[in-house]
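Encoded as structure tokens, the structure appears first; notes follow it.
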Amino acid sequence: MLEVAPDLLGCVVTHGSTAGVIVETEAYHFTEPACHAYVGVTPRTHVLHGPPGTAYVYRSYGIHALLNAVCEPEGVGAAVLIRALEPLRGEGEMRSRRGAGELANGPGKLTQALGIELTENATSLITGPIRIHEGERLPYVTGVRIGITKAAELPWRFCAIGSRDVSRPWPPGLMQAA
DNA sequence: CATGGGATTGACT
DNA sequence: GTCAATCCCATGC
């Protein structure tokens with residue numbers, strides 16, 4: 001999974017008529033307490049322990065939907081959180097859903113921009129409605145995961161170097177090769 | 001059945 | 001920098 005997370009950088013997420021390039025991810029694994037799968041298999045987390053290539057969408061703080069890609073084999077319980085996208089197609093549609101400001105430089109923002117909803121939890125990332133297809137591999141920097149209260153020191157955040165669409169705070173070195 | 005927490009965002013001091 | 005908003009669900013009585 002720590003290999004899948006950086007591999008996802010540069011991949012393209014498509015939903016409806018909108019699409020974006022992944023520029024930031026974070027890895028989560030059931031062996032560490034920040035991961036929802038840490039508590040074991042429950043109605044909420046069973047998808048995390050399910051087969052790879054599945055979307056895990058959940059609501060955070062009662063307001064935002066966050067998108068994950070389940071990656072390890074069935075029974076393992078791990079996922080990669082998609083934290084930021086660089087808009088590729090359907091920017092007008094994203095704009096109408098997001099209003100002014102950045103479109104997708106944050107995990108809650110990108111789901112709103114693409115129109116991804118909780119009902120799409122457990123759907124396939126191969127057959128849709130949300131689809132992820134391979135893209136070019138991007139150079140990246142690693143950083144500490146942000147926004148969490150448990151195991152926050154793990155360096156499992158991956159950001160594409162030079163992208164201004166990465167969520168803040170930008171990790172040191174992000175703009176080196178821009 | 002009641003309660004508390006959460007991988008966030010945006011507005012305000 | 002600080003703080004509230006708000007829904008799902010895991011946990012505990």
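Lettering of chains follows the sequences in order, A, B, ..., and the numbering in each one begins at 1.
A salt bridge (Lys or Arg N to Asp or Glu O under 4.0 Å) with A:Arg145 is found for exactly one of A:Glu24, A:Glu32, A:Glu26, namely A:Glu32.
For A:Thr18, the side chain to side chain contact (heavy atoms under 4.5 Å, CB included) test picks out A:His15, A:Glu93, A:Met94, A:Arg97, A:Leu114, with sequence neighbours left out.
The distance from the CG atom of A:Leu125 to the NE2 atom of A:His133 is 13.0 Å, given to the nearest 0.5 Å. One finds the CD1 atom of A:Ile22 at 12.0 Å from the OG atom of A:Ser163 (value rounded to the nearest 0.5 Å).
In this structure, A:Thr42 contributes its side chain and A:Thr45 its backbone to a donor-acceptor pair below 3.5 Å. Here the side chain of A:Thr111 pairs a donor or acceptor atom with the backbone of A:Ala65 at under 3.5 angstrom.
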Report, as a single string ordered 5' to 3', how protein heavy atoms within less than 4.0 Å touch nucleotides 5-13 of chain B: B base, S sugar-phosphate only, - not at all.
-BBBSS---
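C:dC8 atom C1' lies 15 Å from atom NE2 of A:His46, rounded to whole Å.
Clustering ILVMFWY residues whenever any of their side-chain heavy atoms sit less than 4.5 angstrom apart, transitively, puts A:Val57 in a cluster other than the one holding A:Val70.
Here A:His36 and A:Tyr28 keep their ring centres 6.0 angstrom or further from each other.
Pairs of Watson-Crick or G-U wobble type, with distances under 3.5 Å, assemble into runs of 3 or more in DNA chain C at these ranges: B:1-6 with C:7-12, B:8-12 with C:1-5.
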